[in-house]
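Structure first, then comments.
For reference, positions follow the sequence shown, starting with 1. Just so it is clear, the structure is predicted and the values come from calculations on it, not from any experiment.
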Amino acid sequence: LSLSMNDLLNKSLKQLNKIAKRLTSNYGEQLKVQCACSVGFAADAIKAYAGENKIDLVVMGMKGKSQLVEKFIGSTTTSVLKNSKIPILIIDRRVRYKSIQKIVLACDYTTIKNKNIIEPLLALCQLFKSHIYVLNVVKEVEMEPTISSTVAGFRLNRLLENVSHSFHFALGDDVVEAINTYVKKMKIEMVVMIPHLHSVLQRIFHPSLSQQMSFHTKNPLLILPEID
């Protein structure tokens, strides 16, 4: 017995409504849940829906992948990351909810050009009274700060003046490994990254760190889009 596209959409919507009912039952009627189904490639459909409905935050799950799948196939989550103009919160299926007290903002200081980029992070910190650990991963040859990085550091310090924060660095050639090592050592509860705007060729030959982190981190990962 074959099903029409409308039948499939209705079936999916019924399943989503069951999930919505369970959520409101667990967390109260103050949680408003709206369900929607669409036809198409998942990443494209999610981006389109988010844009059309002026969504402020996209929340996605991550099951974890092997290195082979990570390199050659990717996932819906990492596909949505590409060129996203909307903040994305990625949560591994092994994560269990707890109050977010320690957040690491992994970035080089020059990435953050204005306060609008980190507004979602500031709101999160004010909600949970979190501390932000600003982490810059550097190579040994880069240990001596330049004038531009010093000025950028002062600028970032001003942007974070209304929340608890501190500045740190990690030494290593593998940025993803260095971040995850720091996260484990400091018992960090959320990782925040701001992916650079890459050229087309850079995107082809150098997968972004935020996409790599989405496969490796076991903590909630918040990706904030870089604003032109």
Take atom CD in Gln34; do more than 12 heavy atoms of anything else shown fall under 6.0 Å from it?
-> no
Quick one: list whatever passes side chain to side chain contact (heavy atoms under 4.5 Å, CB included) with Leu31, sequence neighbours left out.
-> Leu23, Tyr27, Val33
Report yes or no: do Ile118 and Phe154 belong to one cluster of Ile/Leu/Val/Met/Phe/Trp/Tyr joined by side chain heavy-atom distances under 4.5 Å?
-> no
Tell me, which pairs form a side chain to side chain donor-acceptor pair (under 3.5 Å) where one or both residues lie in residues 184-195, sequence neighbours left out?
-> none
Looking only at heavy atoms, which two atoms of Pro87 and Leu57 are closest? And how far apart?
-> O-CD1, 3.4 Å
Of Leu222, Val104, Ile223, Leu105, the residue whose pairing with Val191 passes side chain to side chain contact (heavy atoms under 4.5 Å, CB included) | Val104
Across all chains, not counting sequence neighbours, the side chain to side chain contact (heavy atoms under 4.5 Å, CB included) partners of Asp44 are Phe41
Smallest heavy-atom separation, Leu122 atom then Leu159 atom, equals CD1-O, 4.1 Å
Would Val95 end up clustered with Ile19 when hydrophobic side chains under 4.5 Å apart are linked, directly or stepwise?
-> no
For Ile117 and Leu224, work out which heavy atoms get closest and say how close.
-> O-CD1, 3.5 Å
Write down the atom of Val59, the atom of Ile91, and the distance for their closest heavy-atom approach.
-> CG1-CD1, 4.1 Å
Partners passing side chain to side chain contact (heavy atoms under 4.5 Å, CB included) against Ile46 (at least two apart in sequence or in another chain) | Val58, Met60, Thr76, Val80
Pair Leu156-Val134, side chain to side chain contact (heavy atoms under 4.5 Å, CB included): steps then yes or no = CA-CA 9 Å; Leu156 179 54; Val134 182; 3.7 Å; yes
What closest approach, in Å, do Ile179 and Ala106 show between heavy atoms, and which atom pair accounts for it?
-> CD1-CB, 3.6 Å
Side chain to side chain donor-acceptor pair (under 3.5 Å) pairs, two or more places apart, involving residues 124-138 = His131-Ser164, His131-Ser166
Residues passing the side chain to side chain donor-acceptor pair (under 3.5 Å) test with Gln101, sequence neighbours excluded, are Ser99
Could I get the full list of side chain to side chain contact (heavy atoms under 4.5 Å, CB included) partners for Asn162, not counting sequence neighbours?
-> Lys115
Considering all heavy atoms, the nearest Lys32-Glu29 contact | NZ-O, 3.3 Å
Connected via hydrophobic side-chain network under 4.5 Å: Leu8 and Leu13 = no
By ring-ring contact (aromatic ring centres under 6.0 Å, His included), which residues pair with Phe167, not counting sequence neighbours?
-> Tyr109, His165
Joint hydrophobic cluster, Leu127 plus Val192, side-chain heavy atoms closer than 4.5 Å = yes
Pairs meeting criterion side chain to side chain donor-acceptor pair (under 3.5 Å) with involvement of residues 47-61, two or more places apart | none
